[in-house]
Amino acid sequence: MPPVPHPHESAQPLELTDAARAEARNAVVSRLIEVVTWPESRIPLYERQLAADLLLGLLRVSNVELRRKCAEGLARLADAPKALLRYLSKDEIQVAGALLEKGAGFDDSDLIAAVRAGTSAHWQIIAERRGLTEAVTDMLIQTADPIVIESVLKNKFSRLSAQGVEFAVGRSRAAAQLIGPLAQRPELRPGEGLTMFWWADFNARVQLLRRFAVDRSVLIKELGETFALAAKEGWRDPDARKALQVIERRQRNRNAAQQNRYGSLEAAIAAAGEQGLDPNMINEIAYMGGVKPATAAQIFSDPGGEAIAVFAKSVGLKRAPTLNLWRALQRPAGDADHTDNPLGRMMFVFDTLATAKAQTVLRYWNWSFTADAQRIEEAPLELDADAAISRRNAQLLFRRGG
């Protein structure tokens, strides 16, 4: 009769007596990957979670091919185990790429975690996903990577927050490739677009003017009665006065022209063509044109010339006085009929922009860029929703660093 084994003895001990074999481990991992990626109807949720927990520990010591296989399988699952999903989304890009591109199980918090833990390669793939929400695009834009921001802006299936757009506009000053995509975003507001105008190239400027140089007919009609009310109060309310100045029909300041020694804007420009433009003359032209000297100085110092065209068209200058203004500014000569030179680009904008629409742009600049803009360079950049729109736009414009 064979001896009866002791209760505490085991014929086949569970402790490992030989070195672990990779073949066995890989087989376990492969089988667990299959189970974890089964459809919901084939495995209860708690068993999938248990399998995922086991798999997570094994994947940490598995080869790239097995991790990639698991990531591709998880990409199809809307209810993919979160711990496994997040772990693989942070893996090297050849593993995480397919999961980040097509993964159905990600929510906003998962994608934000992937951005925080990832590299520019991870950010780029996430930026091209469909259906990105404002929370995710904010995180991507705040990476400050111009290539990633450009992908977010070009993604027609993404949504941008006001803060995200404003951050991208600020970055566009140093990354010109962002200007074109920004100009096409529906979330871009007039103030941001007309601020970005100042560092945009000719084609982008034309696009921005076509979009934001609009007629004010509805506002003029609906607020018509308030002009008389403000006049009755002697225009004592500065905020109401500034708002109504953006809307009113008349651009030129008739009182300034009557008090001016030249008698008209055209005469002053003609004199400037002979004598040159000094700060005093710029101030006189600004007052007769109905804008602040700081606004005129910004326009006249613009090297492109398109802003000068906006001013000239707004104040009702004809073609000859506009060319006189160009010469008074000592700008280079060129072919006025072709856009391959600054003079031609100025005249193109002048010829294609309606007076009422040009006035809207000029009024917006005059309202938005305040006279104390010089102090803004030293002030902290305000990007919160409560900061005054005019001050935020002025900060973007006058802060040299962009």
Side-chain angles (χ1 to χ4, degrees), residues 169 172-173 175-185 188-217 246 249 251-252 265-266 268-270 272-273 277 282 285-286 288-291 295-369 393 397:
V169 169
S172 72
R173 190 166 190 172
Q177 70 267 35
L178 302 181
I179 296 174
L182 267 168
Q184 299 181 42
R185 290 298 309 196
L188 185 71
R189 294 172 294 185
E192 294 159 340
L194 295 177
T195 301
M196 190 168 63
F197 172 96
W198 295 101
W199 54 83
D201 63 15
F202 170 68
N203 291 326
R205 285 181 165 191
V206 170
Q207 186 177 8
L208 289 166
L209 289 174
R210 285 174 177 166
R211 178 172 176 185
F212 295 118
V214 296
D215 202 312
R216 309 179 309 285
S217 56
V246 177
R249 294 180 184 275
Q251 178 60 50
R252 293 200 193 191
L265 183 58
E266 286 80 0
I269 291 172
L277 266 177
I282 289 176
I285 291 175
M288 285 189 285
V291 297
T295 306
Q298 176 69 25
I299 290 171
F300 294 156
S301 64
D302 176 50
E306 296 87 354
I308 299 171
V310 171
F311 174 83
K313 200 59 177 276
S314 297
V315 299
L317 291 180
K318 301 299 183 183
R319 190 179 181 90
T322 300
L323 293 171
N324 285 341
L325 177 59
W326 183 262
R327 286 189 288 268
L329 291 166
Q330 298 183 346
R331 296 306 180 84
D335 187 345
D337 297 323
H338 293 87
T339 59
D340 59 356
N341 63 96
L343 174 60
R345 290 192 284 271
M346 181 195 72
M347 294 312 301
F348 176 85
V349 173
F350 179 85
D351 291 337
T352 57
L353 192 60
T355 298
K357 293 182 178 181
Q359 287 176 353
T360 300
V361 176
L362 184 62
R363 306 285 180 79
Y364 213 109
W365 285 339
N366 197 52
W367 168 73
S368 185
F369 306 142
N393 291 341
L397 174 61

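Scope of the values below: all heavy atoms of this structure, side chains included, with no hydrogens, waters or symmetry mates. Here, residue 1 is the first one in the sequence, and each next residue gets the next number. Worth saying up front: this structure is predicted, and the values here are computed from it rather than measured.
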A.B. asks: Hey, mind stepping through Leu188 and Leu208 against side-chain contact (heavy atoms from CB on, under 4.5 Å) and telling me if it holds?
C.D. replies: CA-CA 10 Å; Leu188 185 71; Leu208 289 166; 4.2 Å; yes
A.B. asks: Got a second to check how far Glu306's CD is from Trp198's CH2, nearest 0.5 Å?
C.D. replies: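 Rounded to the nearest 0.5 Å, the CD-CH2 separation comes out at 10.0 Å.
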A.B. asks: Indicate yes or no: at least one non-hydrogen side-chain atom of Val315 is less than 4.5 angstrom from one of Met288.
C.D. replies: no
A.B. asks: When you measure from the side chain of Ser172 to the backbone of Ile179, do you find a donor-acceptor pair of N or O atoms at a distance under 3.5 Å?
C.D. replies: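 No; judged by distance alone, with no hydrogens or angles, the pair does not exist.
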A.B. asks: According to side chain to side chain donor-acceptor pair (under 3.5 Å), who are the partners of Asn203, at least two apart in sequence or on a separate chain?
C.D. replies: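 For Asn203 there are no side chain to side chain donor-acceptor pair (under 3.5 Å) partners, ignoring immediate neighbours.
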A.B. asks: Looking only at heavy atoms, what is the nearest atom pair of Ala213 and Val361, with distance?
C.D. replies: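 That would be CB-CG2, 3.6 Å.
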A.B. asks: Considering non-hydrogen atoms only, spot the tightest contact between Ala268 and Ile285 and give its length.
C.D. replies: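 Closest approach of Ala268 to Ile285, heavy atoms only: CB-CG1, 4.4 Å.
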A.B. asks: Under the side-chain contact (heavy atoms from CB on, under 4.5 Å) criterion, do Leu362 and Lys313 qualify, and how do the steps go?
C.D. replies: CA-CA 10 Å; Leu362 184 62; Lys313 200 59 177 276; over 6 Å; no
A.B. asks: For Gly334 and Asn341, which heavy atoms make the closest approach, and how far apart are they?
C.D. replies: CA-OD1, 3.6 Å
A.B. asks: Which pairs of donor and acceptor atoms, one on a side chain in residues 349-357, lie under 3.5 Å apart (sequence neighbours left out)?
C.D. replies:
unit_1	atom_1	unit_2	atom_2	d
Asp351	OD1	Arg319	NH1	3.1
Asp351	OD2	Arg319	NH1	3.0
Thr352	OG1	Phe348	O	2.7

A.B. asks: Which pair of non-hydrogen atoms, one from Pro303 and one from Pro342, has the smallest distance, and what is that distance?
C.D. replies: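 Distance-wise, the nearest heavy atoms are O-CB, 4.5 Å.
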A.B. asks: Distance-only criterion, 3.5 Å: show the donor-acceptor pairs between side-chain atoms of residues 324-332 and protein atoms not counting sequence neighbours.
C.D. replies:
unit_1	atom_1	unit_2	atom_2	d
Asn324	OD1	Arg327	NH2	2.6
Trp326	NE1	Pro332	O	2.9
Arg331	NH1	Asp302	O	3.0
Arg331	NH2	Phe300	O	2.6
Arg331	NH2	Asp302	O	2.9

A.B. asks: List the atom of Val169, the atom of Met196, and the distance in Å for their closest heavy-atom pair.
C.D. replies: CG1-CB, 4.3 Å
A.B. asks: Under the side chain to side chain contact (heavy atoms under 4.5 Å, CB included) rule, collect the residues that match up with Gln177, sequence neighbours excluded.
C.D. replies: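 Once residues adjacent in sequence are excluded, the partners of Gln177 under the side chain to side chain contact (heavy atoms under 4.5 Å, CB included) criterion are Pro146, Glu150, Ala175.
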A.B. asks: Could you check whether any side-chain N or O of Arg205 sits under 3.5 Å from a backbone N or O of Trp199, counting only pairs where one atom can act as donor and the other as acceptor?
C.D. replies: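 No.
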A.B. asks: Is there a side-chain contact (heavy atoms from CB on, under 4.5 Å) between Leu323 and Leu343 once you walk through the steps?
C.D. replies: CA-CA 9 Å; Leu323 293 171; Leu343 174 60; 3.8 Å; yes
A.B. asks: In Å, rounded to the nearest 0.5 Å, how long is the span from OG1 of Thr195 to CZ of Arg189?
C.D. replies: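 CZ of Arg189 is found 10.0 Å from OG1 of Thr195.
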A.B. asks: Report yes or no: does Arg211 contribute a side-chain atom to a donor-acceptor pair with the main-chain N or O of Ala183 at less than 3.5 Å?
C.D. replies: yes
A.B. asks: Are any non-hydrogen side-chain atoms of Glu266 and Lys318 less than 4.5 angstrom apart?
C.D. replies: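 No, their side chains stay 4.5 Å or more apart.
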A.B. asks: When you compare the side chain of Trp365 with that of Phe311, does any pair of heavy atoms fall below 4.5 Å?
C.D. replies: no
A.B. asks: Work out which heavy atom in Val310 is nearest to a heavy atom in Ala358; give both atom names and the distance.
C.D. replies: CG1-O, 3.7 Å
